[in-house]
Number of protein chains: 2
Amino acid sequence: MSQRKGRPPRISRAEVVETARRIVDEEGVDRLTMRRLAKEIGSTPMALYHHVRDKERLLVLLLDDYAARNMHRPELPDDPRERVVVVAAAIRRTLAACPWIVEVLTADDLMSEAALWFVEQIMDGLIECGLAPDEAVHGYRAVWYYTVGEMIVRAAGERRRADDDRPTYRERVFAEVDAAELPRVALVARRWAELTAEDTYLDGLRALVDGLTAGARPGGGGERRTP
Amino acid sequence: MSQRKGRPPRISRAEVVETARRIVDEEGVDRLTMRRLAKEIGSTPMALYHHVRDKERLLVLLLDDYAARNMHRPELPDDPRERVVVVAAAIRRTLAACPWIVEVLTADDLMSEAALWFVEQIMDGLIECGLAPDEAVHGYRAVWYYTVGEMIVRAAGERRRADDDRPTYRERVFAEVDAAELPRVALVARRWAELTAEDTYLDGLRALVDGLTAGARPGGGGERRTP
DNA sequence: ACCTGAACACCGTTCAAGT
DNA sequence: ACCTGAACACCGTTCAAGT
């Protein structure tokens, strides 16, 4: 069409994101700096700022890129409640595999084009269980909160276990628990680390989805109960 | 007792934490640096490292300190399910009031002495609803995941709303939603920002607690149903 | 429009030395 | 044992100038 005015670009946003992805994959998110990225791309730090607003935005672009490449759509069960569970678990499985995710989740939501299919399925399952569209949005959000929280707490726990000199502090708190004052906690204090290391994501998710859909009367294509 | 050997300390860990708290309260967590803290305390950056392991640890100490000062125990309702809800909401209310919390939650759990009373009450409520102690730990964790996730996602949303030039990106994704492919999402796309800005923490929490306790037979001091 | 170079205003932490 | 000074190895971003 029309001749673009000004100097032709030497690097592109796609190239910036791609190079950033390579650095993060190979060396971890800590090694991704604007200077390092510029060097890798054969340019200067400031050239990057013509293609991404700032570093935080770059991280969000990286997450969207990751989602587009890695979020594979699972087979959908017929039961709407189970559908919500399966889809949420698929989101979590994909995101949990990418260790730098926590950096981005604290900066922004996952709400790229690639992710919307998953949102659609969760909302659809909830609506089929009898929730109104607005309630389904809030239901989706509840599932998302639970999933984000699980990923972040798990990542923190893993990091803590990696720095293996650290146990002392938490363990001391638990060792000093007064069984008269805190009988329930005292009962499990010794096994706390072991119990919280278990992966119970699915159990909690099922409970949440059950709770969200209990009491709503199903409709919208699913089985229907007597009114 | 015995005379301590070596040079007497000029600064204490308590003084370090207290000064750090003042900086964070007055100027935000971004302004808390080891150099700034040292200057404020009238010492050098490296002196701090004799009292706290590193900056991350300092942030955790700060959270524990905050919890000890601000987590006020709520009145406990008789109904065990409602007790879980009230106690979780009390945790969340306190932590949500402290905007730097997300920095720490991604680094470690909240598991200070002050927090254990809240853990106790949640476990107690769940056990009274019929959960076994191990299940109550996992139930508590599910509530904690949900609460952490809600706080982090909400904080990110608020930050996004503060940088008010940013809407374009998410809004464009939603504006381009294909109603044939994603009918449920399309239905609410226009109102997404508005719907997700609503505070529905309690609704989701109630659903989760209902789901966690449904099916378990109550006992352990509460009302009992026919077996 | 796009890119460069230099500079600003910082970081957390290690190390070796002092008291 | 506790503290200091200097240094290491960096950051993200602004600004003014070039093409």
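Just so we're on the same page: letters track the sequence lines, and every chain starts at 1. Just so you know, these numbers use all the heavy atoms, side chains as well, and skip hydrogens, waters and symmetry mates.
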Is the phosphate of [N], meaning OP1 or OP2, less than 4.0 Å from a side-chain N or O of [X]?
X: B:T44; N: D:dG5; value: no
X: A:S43; N: C:dT4; value: yes
X: B:Y49; N: C:dT14; value: no

A:M34 or B:H51: which one's nearest nucleotide on DNA chain D is closer to the 5' end? B:H51
In terms of the nearest nucleotide of DNA chain D, which residue is placed more toward the 5' end: B:P8 or B:M46? B:P8
Send over the distance from [X] [atom1] to [N] [atom2], rounded to a whole Å.
X: A:D30; N: C:dC11; atom1: CG; atom2: C1'; answer: 14 Å
X: B:L37; N: C:dT13; atom1: CG; atom2: C1'; answer: 15 Å
X: B:R13; N: D:dC2; atom1: CZ; atom2: C1'; answer: 16 Å
X: A:R10; N: C:dT4; atom1: CZ; atom2: C1'; answer: 10 Å
X: B:I41; N: D:dC2; atom1: CD1; atom2: C1'; answer: 14 Å
X: B:I11; N: D:dA1; atom1: CD1; atom2: P; answer: 16 Å
X: B:R36; N: C:dA9; atom1: CZ; atom2: P; answer: 16 Å
X: B:R35; N: D:dC10; atom1: CZ; atom2: C1'; answer: 11 Å

Given that both distances must come in under 3.5 Å, which nucleotide forms a Watson-Crick or G-U wobble pair with D:dC10? none
What does C:dG5 pair with, Watson-Crick or G-U, if both distances are under 3.5 Å? D:dC15
Got a salt bridge between [X] and [Y], using NZ or NE/NH1/NH2 to carboxylate O under 4.0 Å?
X: B:R141; Y: B:D109; result: yes
X: B:E40; Y: B:R31; result: no
X: A:R22; Y: A:E18; result: no

Can you tabulate the close N/O pairs, meaning under 3.5 Å, that link protein atoms to atoms of nucleotides 16-19 of chain C?
residue: C:dG18; atom: N2; partner: B:R7; partner atom: NH1; Å: 2.6

Looking only at atom types and distance, does a side-chain atom of B:E120 sit under 3.5 Å from a main-chain N or O of A:R184, one as donor and one as acceptor? yes
Hey, does the side chain of B:H51 reach the backbone of B:I11 with a donor-acceptor pair shorter than 3.5 angstrom?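 Judged by distance alone, yes, a pair lies under 3.5 Å.
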B:K55 side-chain proximity, nearest of C:dT4, C:dC2, C:dG12: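 It is C:dG12.
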Picking from D:dT13, D:dT4, D:dC8, the nucleotide nearest the side-chain atoms of B:A47 would be D:dT4
Which of parallel (below 30°), tilted (30 to 60°) and perpendicular (above 60°) describes B:Y146 and B:Y201?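 The rings of B:Y146 and B:Y201 lie parallel, inter-plane angle below 30°.
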With a 4.5 Å limit on heavy-atom distance, are the side chains of B:R191 and A:D134 in contact?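 The answer is yes; the side chains approach within 4.5 Å.
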Sub-4.5 Å side-chain heavy-atom contact between A:D64 and A:V17: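 Contact flag for A:D64/A:V17 side chains = no.
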For B:L32 and A:G42, take the nucleotide of DNA chain C holding the closest heavy atom to each; which residue's nucleotide lies nearer the 5' end?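 It is A:G42 whose nearest nucleotide is closer to the 5' end.
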For the P atoms, the ones on C:dA9 and on D:dC10, what distance do you get once it is rounded to whole angstrom?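 After rounding to an integer number of Å, I get 23 Å for this pair.
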